[in-house]
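Computation of the quantities below employed the complete heavy-atom set of this structure, encompassing side-chain atoms and omitting hydrogens, waters and symmetry-equivalent molecules. The sequence lines fix the lettering, A, B, ..., with proteins before strands; numbering per chain opens at 1. Note that the structure is predicted; figures quoted are calculated from it, not measured.
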There are 2 protein chains.
Amino acid sequence: MTRGTARSGSTPAPRSVDVARLAGVSQKTVSRVFNDEQYVSAEVRRRVLEAAEELGYRRNNAARALASGRTRSIGVVTLGTALYGPASLLMGVERVVRDTGYALRVVNTMEGDPAGVAGAVDSLLDQGVDGIVISEPIDEDGTEGAGGDTPLRIDVPVLVLGAPPPVTAPMVLTAGGGADLMAHTATEHLLDLGHRTVHHLAGPQRWYAARDRLEGWRATLTAHGRAVPPAVEGDWSAASGYRAGRELAEDSDVTAVFAANDDMAIGLIRALTEAGRRVPEDVSVVGFDDIPVAAYVSPPLTTVRQPFDAVAQEGLKRLVHAIENPGADALPTSNPPVDLIIRASTAPPPSRTTPAHGRRTASRSLGDPDHPPLPNGGPSSRH
Amino acid sequence: MTRGTARSGSTPAPRSVDVARLAGVSQKTVSRVFNDEQYVSAEVRRRVLEAAEELGYRRNNAARALASGRTRSIGVVTLGTALYGPASLLMGVERVVRDTGYALRVVNTMEGDPAGVAGAVDSLLDQGVDGIVISEPIDEDGTEGAGGDTPLRIDVPVLVLGAPPPVTAPMVLTAGGGADLMAHTATEHLLDLGHRTVHHLAGPQRWYAARDRLEGWRATLTAHGRAVPPAVEGDWSAASGYRAGRELAEDSDVTAVFAANDDMAIGLIRALTEAGRRVPEDVSVVGFDDIPVAAYVSPPLTTVRQPFDAVAQEGLKRLVHAIENPGADALPTSNPPVDLIIRASTAPPPSRTTPAHGRRTASRSLGDPDHPPLPNGGPSSRH
DNA sequence: TTGAAAGCGCTAACAG
DNA sequence: CTGTTAGCGCTTTCAA
């Protein structure tokens, strides 16, 4: 029943001594009870809790932090966008952080912000955090040298979600770095369908995530001995996908495109369609993310789903471990599965030669062969 | 050049006394410099700053908070979703909070979480915040009585974004509550087009925002003396929109639907199309939010755009004012404009009688008649 | 303009 | 099992 209870303006907030007095114990005992330390008799514990309840006692976190040297909070650096990927990651992080008993402090990096990730981390360090999560970092000064750039030095454990920028810290963890693997899966799906090669609508190359995807795509084509057409760079927006689509529509060699995210894929499809090139009959398109509407656009989008929650959870578990066991070894990584969701935006290329193998297959997992593929297909099969 | 600088593990962090010693002044003077207090000679200030720089000094926030009683941080309660609306609001909030010099603490409410908003607020109060922002509240126990529910009592100023749940606090501010007005605009647009009435695909009614939209829709129909068909309730997802679409497709009286968000609108359109009902020729659909891909789906979606950034900015300015001037009057509210973005998912109803007035008009603003309408139309006109 | 002293409310050693 | 004694690193008084 403590729900939402709080002091009303005037009365000063009760302190642990007040509780101690009321319960007839020492202040330290109150502290013990609230920290779930052992060696407190059930009877005393009950009395303390009761007194605390009566007074509406709430521990003062500033005092706690000051005395213990631990803030019990984790800072996260995110991009200042409502983009599905970063937003999902942030939500996943919040969930896990709260579960672990830490508080979450958030700072955004805005694109174009000169201070970039470094500034955000700095501000977090100023605020005082026990660990830092850098989500989907982007590398603001691609020019290098504009800011006297040494790797970022941080004195708390760091978890980088996505791909790692240069960071120096007592412990650097990464999670969810499998973007290249996912790009590989997407590209290979298209190749399997019989396409000669696959074009790529890339994300902004300042984003490590975008570079990873591009790299995975390129490597796959190379591994198959296919031509690597120049990639078109977008900015994650559907608008940029649309613009790229107008370009690509003019090149009749284009029969398959792997877009670095679903928004761009949707813009791309629209442009293609408007230009008279049907999807998937003339051109196949694969997206990336599996945004909520992906199954409902026309045609339903074949895409790669990132396991945001799993990534956040696994990464944070390791971060918290590093925070609470300084000096200890990092917990082992486990690669979350990547799922290719095959819907209706991909098909074999317009007849020319029938592909020998690779008819459309069902959803499949990579990285964890035992993981059962998720339901795919049209809208009706999604929750 | 302080970018990213931080202590390396072993050396204890320098304190203000260390800086004082090095600068040859008292510790209090260091404090003065860092708080930008007056009465410090330029010379002394310089020496202090220099010493601080040399030592890599960083103020200890816990100590500051403990001594001053202010945490200089604002807590925000959001939904644990990557939904465009809530995510956008959160990003907007972060931006402004940082600008005002406060730190941001985030706690999510998960749907189905028994503690709900109350629990989230409680956790924020535990952590210690100077003010609280509740974003898009939902009212978890619609049943009432399940938790002995008195209005939430909070002892710091509160800003509610969206629609206000019952809250008791020294100062309760609201911003962005114009959802009913926006719903009105959307509904009226459809009526202007000549539709006899408008159906509504509502959001989950536990959400205040969803209720507001429904109310705006209902009121508009009533005001025009039109029949108010039963609303269909979805859960914001495209999947739920799709399900609703299958239902509505069977009712040939349905010629216009106002969906409470874009995701549902997209699912709805897909179901309608699959059922052979063309959009907008047979059925017009209006969404809500103007998500990034709205202009690129087929057909491009007519929707209502919420001014997230403006709402966050305005609300926070008022919250910070309330925090820093306890007892003072709240700053006045200004209603941000609501924009109806007309694209291709709406049209006059299938011929029957030609509507007297209301041919498709350009984008228009409500609430701020002087505000120039934003560019609308197809993809090509979007950035 | 500057400094000295006294806490803020809690946790961390140590006793008992 | 429980209590005592010190601080944690600042901001506040109040003097100088």
Partners of [X] by side chain to side chain contact (heavy atoms under 4.5 Å, CB included), sequence neighbours excluded?
X       : value
A67(A)  : none
N61(A)  : R64(A)
S31(A)  : K28(A), N35(A)
E324(B) : R70(B), Y102(B), V320(B)

List in chain and number order the residues that pass salt bridge (charged side-chain N to carboxylate O under 4.0 Å, His left out) with E50(B), two or more places apart in sequence or in another chain; answer none if no residue qualifies.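 Scan of E50(B) (salt bridge (charged side-chain N to carboxylate O under 4.0 Å, His left out), adjacent residues dropped) gives R46(B).
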For [X], all residues meeting side-chain hydrogen bond (donor to acceptor under 3.5 Å, both in side chains), sequence neighbours excluded:
X      : answer
N60(A) : none
R32(A) : none
S16(B) : Q27(B)

Answer with base, sugar-phosphate or nothing: what part of the nucleic acid does N61(B) contact at a heavy-atom distance below 4.0 Å?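 Since no nucleic acid heavy atom lies under 4.0 Å of N61(B), the category is nothing.
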Mind checking if V25(A) touches a base, just sugar-phosphate, or nothing, with heavy atoms under 4.0 Å? sugar-phosphate
Sequence neighbours excluded - ring pair (Phe, Tyr, Trp, His ring centres under 6.0 Å) pairs with any residue from residues 12-47 of chain A: F34(A)-Y57(A)
Protein and nucleotides 4-8 of chain C: nitrogen or oxygen contacts under 3.5 angstrom:
from: dC8(C); atom 1: O2; to: A67(B); atom 2: N; distance (Å): 3.4

Please state how far atom CG in N35(B) lies from atom C1' in dT1(C), giving the value in whole angstrom units.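 It is 16 Å, rounded to the nearest whole Å.
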Can you give me the dot-bracket string for DNA chain C, 5' to 3', counting Watson-Crick and G-U wobble pairs with both distances under 3.5 Å, using [ ] for crossing pairs and | for partners on another strand? ||||||||||||||||
Judged by each residue's nearest nucleotide on DNA chain C, which is more toward the 5′ side, R64(A) or Y39(B)?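 So the residue in question is Y39(B).
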Any salt bridge between D122(A) and R58(B), counting N to O under 4.0 Å? yes
Identify the 5'-most and 3'-most nucleotides of DNA chain D with at least one atom closer than 4.0 Å to a non-hydrogen atom of chain B. dG9(D) to dT12(D)
